[in-house]
Amino acid sequence: MSGELSPIDKAKFVAAKRAADFVESGMRVGLGTGSTAAWLVRCLGEMVRDEGLKIKGVPTSTRTAELARDVGIEVISLDEAKWLDLTIDGADEFDRDLNLIKGGGGALLQEKIVATASDQMIVIADAAKEVGALGAFPLPVEVIPFGWQTTQALIEETLVSMDVMGRSSSLRMNGDVPFITDEGNHILDLHVGRIGNPRQLAMILNQMPGVVENGLFIDICDVVIIGYGDGRAEVRDINAGTVTTDQLDFVENENLFADMSD
Ligand code: 5RP
């Protein structure tokens, strides 16, 4: 079945598989959202089933919760867990300091709350997610529906004085209707092109009335695992200052690769 995967999907799988090595029995684990995180959830489900791994998972979206239950992971709420040993999630972009843009899947709010409540955050990604400067991927900002156009205007006006290249934004849609997050909010995608000072932008955005959270994850990620289609997995640890590369044996597994759509 793995022969049917695209190189990008293989890379995502490899990153997820390598990240699963960091998970030990007894851990409370934050489970990210998106296609890469879905691979991780499937890998952990297989370890629960075949290797007796005992973990409690805190999902970052209803989608992930559903998948986690389907593959046999015990799901608890963040408030039940209170604190997590580890969160593993995907990202839309990461830079050399492991600052991130997240929220392409619309789950940035729960993702940031869960990652912040964790001893360690590991990001799993394919190599295309690495950037010199954040911002080519439109920056998601979660806003409450009340007065969202006023909030949008305020954001665009504020962007004029920020170190960014563009200042247009668009309301994320789900077909003909606005996309609604798990918390009932909207997402504005900011087309800023390049963000000169991500920390400053994150702080300014979160001070605006109507903004719930933004997709800049600053100083939250500890480790990034970059997967490659040929089975290599590079592990960069920002705290230890180490970079290691392993070669994963790409074992074809009917169970894992079945129902892989996300
Ligand atoms: C969801 C996210 C995802 O982690 C991000 O969009 C990456 O997704 P994918 O692994 O599908 O490329 O932030 O809100």
Side-chain angles (χ1 to χ4, degrees), residues 5-20 29-44 57-68 78 86-95 98-116 118 121-131 134-143 170 172-174 178-191 195 198 202 205 212-218 220-229 233 259-262:
L5 295 181
S6 69
I8 290 284
D9 280 327
K10 280 185 194 169
K12 290 178 177 184
F13 167 73
V14 166
K17 182 86 180 143
R18 181 68 182 86
V29 183
L31 305 171
T33 295
S35 56
T36 320
W39 281 118
L40 182 269
V41 173
R42 291 188 197 98
C43 288
L44 294 180
V58 175
T60 51
S61 62
T62 48
R63 260 176 296 161
T64 298
E66 199 177 316
L67 178 62
L78 180 59
L86 173 63
T87 285
I88 304 174
D89 201 347
D92 299 300
E93 284 185 352
F94 66 91
D95 68 12
L98 305 196
N99 292 323
L100 318 170
I101 285 184
K102 284 187 52 55
L108 66 106
L109 178 55
Q110 289 190 21
E111 289 173 337
K112 199 181 268 192
I113 294 171
V114 168
T116 304
S118 305
M121 181 193 195
I122 298 178
V123 158
I124 48 180
D126 58 88
K129 304 285 182 66
E130 181 166 16
V131 294
L134 299 173
F137 189 91
L139 174 64
V141 177
E142 183 155 344
V143 298
S170 49
R172 191 176 299 180
M173 301 296 286
N174 182 11
F179 176 86
I180 304 286
T181 68
D182 275 350
E183 276 69 37
N185 296 316
H186 293 332
I187 300 269
L188 293 173
D189 289 306
L190 311 192
H191 306 280
I195 302 171
L205 285 169
V212 182
E213 191 50 86
N214 70 83
L216 285 164
F217 284 46
I218 310 295
I220 296 176
C221 174
D222 301 286
V223 173
V224 66
I225 302 181
I226 306 165
Y228 295 88
D259 304 324
M260 47 154 283
S261 59
D262 178 72

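Whatever order the structure lists them in is the order used to number ligands and atoms, beginning at 1. If you read the sequence from its start, that first residue is 1, and numbering goes on from there.
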From atom 10 (O) of ligand 1, work out which of Leu109, Thr60, Ile8, Thr36 has a heavy atom at the shortest distance.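 Looking at heavy atoms only, the winner is Thr36.
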
Identity of the nearest option to atom 2 (C) of ligand 1, non-hydrogen atoms only, from Lys112, Glu111, Arg63: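 Heavy atom nearest to atom 2 (C) of ligand 1 belongs to Glu111.
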
Please report whether ligand 1 has a polar contact with Gly103, defined as an N or O pair separated by less than 3.5 Å (distance criterion only).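 Yes, at least one N or O pair falls under 3.5 Å.
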
Would you check whether Ala107 has a nitrogen or oxygen atom less than 3.5 angstrom from a nitrogen or oxygen atom of ligand 1?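 Yes - when backbone and side-chain N and O of Ala107 are compared with those of ligand 1, one distance drops under 3.5 Å.
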
Which distance, rounded to the nearest 0.5 Å, do you find between the [atom1] of [X] and the [atom2] of [Y]?
{"X": "Asp182", "Y": "Gln110", "atom1": "CG", "atom2": "CD", "answer": "5.0 Å"}
{"X": "Leu44", "Y": "Lys17", "atom1": "CG", "atom2": "NZ", "answer": "9.5 Å"}
{"X": "Ile180", "Y": "His186", "atom1": "CD1", "atom2": "NE2", "answer": "4.5 Å"}
{"X": "Ile220", "Y": "Leu98", "atom1": "CD1", "atom2": "CG", "answer": "12.0 Å"}

Taking 4.0 Å as the limit for heavy-atom contacts, which would you say applies to Ala91 with ligand 1: side chain only, backbone only, both, or neither?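 The answer is the backbone of Ala91.
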
Candidates Asn214, Thr60, Asp89 - the one meeting side chain to side chain contact (heavy atoms under 4.5 Å, CB included) with Lys102: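 Answer after filtering Asn214, Thr60, Asp89: Asp89.
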
All salt bridge (charged side-chain N to carboxylate O under 4.0 Å, His left out) counterparts of Asp222, not counting sequence neighbours: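 With sequence neighbours excluded, Asp222 shows a salt bridge (charged side-chain N to carboxylate O under 4.0 Å, His left out) to no residue whatsoever.
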
For [X], the ligand 1 atoms whose distance to one of its heavy atoms is below 4.0 Å:
{"X": "Gly106", "answer": "14 (O)"}
{"X": "Gly34", "answer": "11 (O)"}
{"X": "Gly104", "answer": "6 (O), 13 (O), 14 (O)"}

